[in-house]
**Q** 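The following block contains the structure, expressed as structure tokens.
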Number of protein chains: 2
Amino acid sequence: MLSKGDKTRAEIVEHAKSLFYERGYDGTSFTDIVNAVGVYRGNINYYFKTKDDILKAVIDRHLEEFGALLAEWTARHADPRDRLIDFVHMIAERQAALTRYGCPIGTLNTELGKDRPELQRSARALFDLFKDWLVEQFRALGSSSDEAIALALHLLGRAQGVAVIAHVYQDTVLLQREVAQMETWIRQFSL
Amino acid sequence: MLSKGDKTRAEIVEHAKSLFYERGYDGTSFTDIVNAVGVYRGNINYYFKTKDDILKAVIDRHLEEFGALLAEWTARHADPRDRLIDFVHMIAERQAALTRYGCPIGTLNTELGKDRPELQRSARALFDLFKDWLVEQFRALGSSSDEAIALALHLLGRAQGVAVIAHVYQDTVLLQREVAQMETWIRQFSL
DNA sequence: GTCTATAAGAAGATAGAC
DNA sequence: GTCTATCTTCTTATAGAC
């Protein structure tokens with residue numbers, strides 16, 4: 001059971017998550033967040049000492065949500081190829097947001113990676129979450145540890161590249177075509 | 001012959017270009033720029049009315065420099081495959097900056113694409129420059145117009161994806177491995 | 001064309017009443 | 001736990017002397 005405070009805190013994190021995605025971390029002000037939540041100015045500083053603390057809570061929320069997705073795909077299929085295909089299908093399912101705002105994980109890391117190495121290290125955990133899961137799938141397909149890492153980063157990179165281009169050109173057709181190619185690439189692995 | 005004013009203007013653009021790349025557009029202030037150039041506060045507003053005007057000048061400078069590179073590759077090789085390989089070799093040559101700051105074109109478009117559609121349209125010209133050149137090369141390799149566009153955007157996306165992952169993980173080894181894969185992919189085309 | 005001073009606003013963060 | 005007021009700093013931009 002959530003107390004009133006927990007609920008307010010969760011709402012701040014949820015709206016901050018959306019705003020950081022849609023406008024960027026620097027592009028989102030405390031005012032933007034409290035306006036979205038519908039609370040008053042001072043409240044945000046009751047729950048979070050600094051803006052960086054909000055970001056860390058947002059990253060944790062992302063980790064929970066994406067972690068749940070990965071668990072779902074793992075539970076749904078025994079064949080690692082089907083799991084990997086769930087991963088690339090996510091890209092097609094989220095095409096509207098991806099073309100409008102880019103990849104939530106990629107754009108956040110890109111922004112923080114410029115000149116905030118400490119915050120980017122926190123945000124990198126989101127990439128690690130996907131990377132480690134992908135490595136597991138390629139390992140299950142018979143790859144060595146090194147090969148599996150290379151394949152995981154290759155697929156992660158393909159996904160990021162598609163997201164960047166689709167975002168720049170607002171192009172959902174390209175996104176779908178590239179997803180289909182990734183699916184073909186996955187299907188050529190054998191157990 | 002450059003007048004004194006032209007030289008100051010060019011220096012402002014050159015330093016702004018570096019700073020926008022290293023710290024992001026929003027992350028760079030007028031103070032940062034004048035400090036880097038070594039001129040006084042007011043000068044920048046003598047040459048540029050707004051910050052957006054500086055960005056447009058920076059984009060034009062990028063267009064000139066990358067345009068010159070493309071012309072060089074075109075002049076150096078008759079075989080479009082060799083030209084394409086020059087393109088991917090650029091990624092390996094610039095690995096230090098790419099792992100530290102990401103792709104100058106990709107990160108700029110990603111930042112502006114969040115909530116500045118008008119500025120992002122200007123920055124997209126940088127992608128168009130590469131895209132159109134890549135399309136020409138794939139056309140010369142016998143692709144139809146539609147195929148050539150798809151192949152150009154595919155390679156552009158691969159390059160962007162590699163840059164994102166290499167930046168996130170500060171990983172030059174991955175970058176070189178992916179460049180080698182792109183080279184292999186290019187070599188399988190026949191005239 | 002160069003330099004100084006400052007305007008006008010928005011940002012993150014804090015203090016304290018209720 | 002909620003709300004108001006304010007501090008300090010930094011931002012873009014402008015005005016005007018030299």
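Side chains included, hydrogens not; waters and symmetry mates left out as well; all remaining heavy atoms used.
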**Q** In terms of hydrophobic clustering (I, L, V, M, F, W, Y; side-chain heavy atoms under 4.5 Å; direct or indirect links), are A:Tyr169 and B:Leu63 co-clustered?
**A** yes
**Q** Please work out whether the ring planes of B:Phe87 and B:Trp133 are parallel, tilted or perpendicular, with thresholds of 30° and 60°.
**A** tilted
**Q** Can you run down the salt bridge (charged side-chain N to carboxylate O under 4.0 Å, His left out) pairs that involve residues 137-157 of chain A, sequence neighbours left out, and say none if there aren't any?
**A** none
**Q** Round to a whole Å and report the spacing from OH of B:Tyr46 to C1' of D:dA15.
**A** 16 Å
**Q** For residues 3-34 of chain B, which residue pairs pass the ring-ring contact (aromatic ring centres under 6.0 Å, His included) check, not counting sequence neighbours?
**A** B:Phe20-B:Tyr25, B:Tyr21-B:Tyr101
**Q** Using the C1' atoms of the five pairs at each end, what is the angle between the end axes of the helix from C:dG1-D:dC18 to C:dC18-D:dG1, to 10°?
**A** 10°
**Q** Could I get the full list of side-chain contact (heavy atoms from CB on, under 4.5 Å) partners for A:Glu93, not counting sequence neighbours?
**A** A:His89
**Q** Scan for salt bridge (charged side-chain N to carboxylate O under 4.0 Å, His left out) pairs involving residues 160-171 of chain B, sequence neighbours excluded, and state none if there are none.
**A** none
**Q** Taking NZ from A:Lys51 and P from D:dC10, how many angstroms apart are they, rounded to a whole number?
**A** 16 Å
**Q** Give the first and the last nucleotide of DNA chain C, reading 5' to 3', that has any atom under 4.0 Å from a heavy atom of chain B.
**A** C:dG1 to C:dT4
**Q** Under the salt bridge (charged side-chain N to carboxylate O under 4.0 Å, His left out) rule, what pairs show up with a residue in residues 67-83 of chain A, not counting sequence neighbours?
**A** A:Glu72-A:Arg76, A:Arg76-A:Asp86, A:Asp79-A:Arg81
**Q** Judged by modelled atom types alone, do A:Gln95 and A:Gln176 share a side-chain donor-acceptor pair under 3.5 Å?
**A** yes
**Q** Under 4.0 Å between any heavy atoms, over every strand shown, what does A:Tyr47 touch: base, sugar-phosphate, or nothing? Just pick one.
**A** sugar-phosphate
**Q** Can you see whether B:Phe48 has B:Lys56 sitting over its ring - NZ or CZ less than 6.0 Å from the centre and within 45° of the normal?
**A** no
**Q** Taking ring pair (Phe, Tyr, Trp, His ring centres under 6.0 Å) as the definition, give me every residue that meets it alongside B:Phe66, ordered by chain and number, with sequence neighbours left out.
**A** B:His62, B:Phe130
**Q** Who passes salt bridge (Lys or Arg N to Asp or Glu O under 4.0 Å) against B:Arg177, sequence neighbours left out?
**A** none
**Q** Taking only residues two or more places apart in sequence, or in another chain, which ones meet A:Tyr47 in a side-chain contact (heavy atoms from CB on, under 4.5 Å)?
**A** A:Thr8, A:Arg9, A:Ile12
**Q** Is there a residue in residues 17-43 of chain B whose heavy atoms reach under 4.0 Å of DNA chain C, and which residues are they?
**A** B:Tyr40, B:Arg41, B:Gly42, B:Asn43
**Q** Please find the pair of heavy atoms, one from A:Ala36 and one from A:Leu19, that lie closest to each other, and give the distance.
**A** CB-CD1, 4.0 Å
**Q** Identify, residue by residue, the members of residues 116-123 of chain B with a heavy atom below 4.0 Å from DNA chain D, and return them in order of residue number, or none.
**A** none
